[in-house]
Amino acid sequence: MSEVEIYYFSGTGNSLYIAKELQKRIPDSSLKSIAGQLKKDVIETRTKTVGFVFPIHGMTVPIPVRKFIKKINLKSTSYIFLIITRGGTKCFAVSETKKILKKKGKNLDSFFIQTMFNNDPKLESFEIPTKEEISVLEIKIQKRLEFIKKTIVNKEKYREKDIDYVTFPFIKPVTFLLERLVLLATRYAEHDGAKDYFYSDSRCKSCGTCEKVCQSGKIKMVDGKPLWQKDIKCYLCYACLNYCPSESVQIKSQWFMKSHTRTKGRYPHPFAKVKDIAVEKN
């Protein structure tokens, strides 16, 4: 049994990269996929130190991560840490995680927030980072991981201040309202299962990559084309969107949101390949 267990969820590789690099640094630690663990009837750990690494979705905890933390038995765990990756928006995931853990009689001992490159090409502001920008961030992350490792190994308390995030360019009351609307939309997506959110256009080459990387198993290839099955809920991880080699997977525009995926590029993490994401659900 490992002394430290790192549970991660990642759609396009940012959180996977952080989890892997951290696991390399911590002696006697193991890496486990949240999407894969969810298939178990019972999720239990006897490890004293447990960590969760995941991105924020709609500024809060992703659908599968919320399910996982509610499901896992942490009775034997005495130190819990959290590493959140984000594209730049405000983070409400820490308070949400604390609430879930509190119901289990557990506390969140340390949490870290790491801003990385955005993987949401539906946004008009989306831009693909250059190799130089990726290199500069890589250096910063490596230094940051050394600090995180030290904190975890020594079981220290650490509370990240949520600063330097991009917010809505409005007066505070309007910004507050818009942030709550985003959180509400995220909860609705969890309930609705994103039944009518993605589609593939004429550029589809029938390669099946989207099915391979789909974390929830929602995508099924039918007659050489991807079908987003309505009876299976989507995790909204954007793996199908960002790993499609022909960029044929699109997000539909909604009455409250215009999607720009048809005119934007894609961003999967450069160190996370299709096979790395595909194995997460196993």
Here the pair of heavy atoms bringing Gln229 nearest to Gly217 is NE2-O, 3.2 Å

Lys40: partners by side chain to side chain contact (heavy atoms under 4.5 Å, CB included), with sequence neighbours left out: Gln37, Ile43

Checking Tyr17 now: which residues fulfil ring pair (Phe, Tyr, Trp, His ring centres under 6.0 Å) with it, not counting sequence neighbours? His269, Phe271

Show the atom names and distances, to 0.1 Å, of all donor-acceptor pairs under 3.5 Å that link a side chain in residues 121-128 to residues at least two apart or in another chain.
from   : atom 1 : to     : atom 2 : distance (Å)
Lys122 : NZ     : Asp120 : OD1    : 3.2
Lys122 : NZ     : Asp120 : OD2    : 2.6
Lys122 : NZ     : Tyr238 : OH     : 3.0

Those residues that, when tested against Asn119, pass side chain to side chain contact (heavy atoms under 4.5 Å, CB included) (two or more places apart): Thr12, Asn242, Tyr267

Do the charged groups of Lys225 and Asp223 touch, with an N to O distance under 4.0 Å? no

Under a 4.0 Å N-O cut-off, is there an ion pair linking Lys149 with Glu146? yes

For a salt bridge (charged side-chain N to carboxylate O under 4.0 Å, His left out) check, start with the C-alpha distance between Glu3 and Lys48, then their side-chain angles and the critical distance, and finish with the verdict. CA-CA 7 Å; Glu3 292 186 3; Lys48 295 294 184 181; over 6 Å; no

Does one side chain, of Thr45 or Glu5, offer a donor that lies under 3.5 Å from an acceptor on the other? yes

Which residues share a side chain to side chain contact (heavy atoms under 4.5 Å, CB included) with Glu211, sequence neighbours left out: Ile219, Lys220, Met221

Are Phe112 and Phe81 close enough that their ring centres sit under 6.0 Å apart? no

Measuring centre to centre across the rings, with the benzene-like ring taken for any Trp, is Phe54 within less than 6.0 Å of Tyr8? no

Does Asp162 pair with Lys90 as a salt bridge, N-O distance under 4.0 Å? no

Residues, nucleotides or ligands: over 12 heavy atoms within 6.0 Å of Lys75 NZ: no

Residue set satisfying side chain to side chain contact (heavy atoms under 4.5 Å, CB included) with Val136, at least two apart, ordered chain then number -> Lys140

